[in-house]
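In what follows, a single structure is set out as structure tokens and then discussed.
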2 protein chains.
Amino acid sequence: MEGSPPLLSPAEADRRLRAAGVRVTAQRRAVYEALAADPLHPTVEAVHSRLKKNWPSLPLPTVYRIVEDLAVAGLIRRVASDGGPQRLDANAERHQHLVCRACGRMEDWTSAGLSGLSLPRSLPDGFSGETYDIRIVGLCRTCSAKAEARGIIPKRRKS
Amino acid sequence: MEGSPPLLSPAEADRRLRAAGVRVTAQRRAVYEALAADPLHPTVEAVHSRLKKNWPSLPLPTVYRIVEDLAVAGLIRRVASDGGPQRLDANAERHQHLVCRACGRMEDWTSAGLSGLSLPRSLPDGFSGETYDIRIVGLCRTCSAKAEARGIIPKRRKS
DNA sequence: ATCTCATATGATAATAATTATCATATGGAA
DNA sequence: TTCCATATGATAATTATTATCATATGAGAT
């Protein structure tokens, strides 16, 4: 079990929404809270499921729209992944991701060194670099054990 | 215009396919060549379109299957992206990606420093790290110019 | 070179992921 | 409060991907 990731205070979250011209609604707060409570980079579908209990009426397309709104307002981000449904991240701190190439599991991890890495001095073309997105790819504990046992790597994830 | 990325020789490509237990077929060679000829990380759909001329009969689902086979055999990779259709890469050399957060454009770029970066000494849990996946996120020349002109960042990409 | 059979392809259907449409409801400025 | 631009809920449509199955073919054995 890992502690929940640093999330914005309700007041700060509201402030950022308004600053981006996005209205504050109960549904948007609920989606943000569901995301902030899940450190495993849930899919939109997963967020929707989690919300079923308290928001039985909230339809999936609305969750998609709200996710887009929250991303525009900078409350959450879409996490880079190798295809499959988009995965989300409400962790506001600079951090990296550990990605299992066998099962697709992805979790936050922070390296002081990597977090402090400065951008290359010269970039091509007039490209204006703003930040890094660093993933450490390998095998998670579970898949690593399996690979060791079988001498073969497992197949690609399903969800 | 950028030069085409380093690709495997036909003989080496065939060898790797057989080594992975994947039969060598004309279709698989064609898909690999189409991918090797496109440095802009095409989608499966884009590869299919490009092949239409020489392989009018090759159906999209087959391209999907072949892409999976080529990935298993290690001839190509799926590139990390923030949702949307999977994007592919036949560039076998260690390299990084420049990603425009506004239009989604993605291109190869190689930094000697980043390519040589060694993995953190200690990783959590028994996670066995193998490699980095590093993206430099920012604005491409085109979107950078637009943002400067308008004081506002453009909307999300469509393809 | 031919035979054989496991596997690939082509055609098609099905599912999953995401976006669009539109009538009704509501946040928040006046 | 009143009003209106925008959000939601319901639903349909589109896009992305995977499954199924009959036929064709690569490549090891004869």
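Every chain is numbered from 1 and lettered A, B, ... according to where its sequence line falls, protein lines coming before strand lines.
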- Mind calculating the distance between CD (Gln86(B)) and P (dT15(D)) to the nearest angstrom? 18 Å
- Are Asp133(A) and His97(A) linked by a side-chain donor-acceptor pair shorter than 3.5 Å? no
- Message: Can you tell me whether the side chain of Arg23(B) and the base of dA6(C) have a donor-acceptor pair closer than 3.5 Å?
- Response: yes
- Query: Between Glu68(A) and Arg78(A), does a salt bridge (Lys or Arg N to Asp or Glu O under 4.0 Å) hold up when you go through it step by step?
  - Reply: CA-CA 9 Å; Glu68(A) 168 70 13; Arg78(A) 293 188 174 89; 2.7 Å; yes
- Residue mapping more 5' on DNA chain D - nearest nucleotide basis, Leu60(B) or Val24(B): Leu60(B)
- Message: Under 4.0 Å from OP1 or OP2 of dG10(C): is there any side-chain N or O of Gln27(B) that close?
- Response: yes
- Please work out if Arg28(B) contacts a base, only the sugar-phosphate, or nothing of the nucleic acid, heavy-atom cut-off 4.0 Å. sugar-phosphate
- Nearest whole angstrom, please: distance from the P of dA17(C) to the OH of Tyr64(A). 7 Å
- Query: Roughly how many Å is it from CZ in Arg18(B) to C1' in dT25(D), rounded to a whole number?
  - Reply: 14 Å
- Tell me, do Arg23(B) and Arg28(B) make a side-chain contact under 4.5 Å, heavy atoms counted? yes
- Message: Just to be sure I understand the rule, does Thr25(B) reach a base, reach only the sugar-phosphate, or reach nothing, if contact means heavy atoms closer than 4.0 Å?
- Response: sugar-phosphate
- Note on the structure: In this structure, CD of Glu93(A) is separated from CG of Leu7(A) (nearest 0.5 Å) by 11.0 Å
